[in-house]
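Report on one structure; see the data block that follows.
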Amino acid sequence: MSRRLARPFFPVPPQDYDRSYFNEVIRAFSVFLQQVQNPGDARHTELTLTNIQTHDQGLEVGALFNFNGFVKITQANTPHPASLSASAAVGSVSVTT
């Protein structure tokens, strides 16, 4: 693990079934899953994003997307929808010359 995390202890299995052994294995896997799911710190020299979408529809808060050539971060209060269109009609106009 590259984030300086303490590796969970996995006990040596006994010859026969032992309930406490399985409890320790389950505990160790729980610790491992917590470590894997925690994003932790990151520092990169290079980063290449391929096939990045052009809107934030369907992305979680904090995800990156390309909006008009700019890399943006998805925020809960600033939507960037996939498309935006509107149409309206107000009465009719007659022009005579």
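Between the CD atom of Q37 and the CZ atom of F32 there is a distance of 10.0 Å, given to the nearest 0.5 Å. From T54, atom OG1 reaches atom NZ of K72 across 12.5 Å, with rounding to the nearest 0.5 Å.
For F10, the side-chain contact (heavy atoms from CB on, under 4.5 Å) partners are P8, A28, F29, not counting sequence neighbours. Scanning for side-chain contact (heavy atoms from CB on, under 4.5 Å) contacts around L64 gives L49, I52, V71, I73, with sequence neighbours left out. The side-chain contact (heavy atoms from CB on, under 4.5 Å) check on P13 picks up Y21, with sequence neighbours excluded. Shown here are the side-chain hydrogen bond (donor to acceptor under 3.5 Å, both in side chains) partners of S92, two or more places apart in sequence or in another chain: there are none. H80 meets the ring-ring contact (aromatic ring centres under 6.0 Å, His included) test with F65, F67; sequence neighbours excluded.
Shown here is N51, whose CG atom has no more than 12 heavy atoms of other residues, nucleotides or ligands within 6.0 Å. Counting non-hydrogen atoms of neighbouring residues, nucleotides and ligands closer than 6.0 angstrom, the CZ atom of F70 reaches no more than 12 such neighbours.
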Inset, instruction - Could you please spell out the steps behind the side chain to side chain contact (heavy atoms under 4.5 Å, CB included) verdict for V31 and Q35? - result: CA-CA 6 Å; V31 169; Q35 290 177 344; 3.9 Å; yes
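Among residues at least two apart or in separate chains, there is no side chain to side chain donor-acceptor pair (under 3.5 Å) pair with a member in residues 56-70.
Taking each heavy atom of Q75 and T78 in turn, the nearest pair found is OE1-OG1, 3.1 Å.
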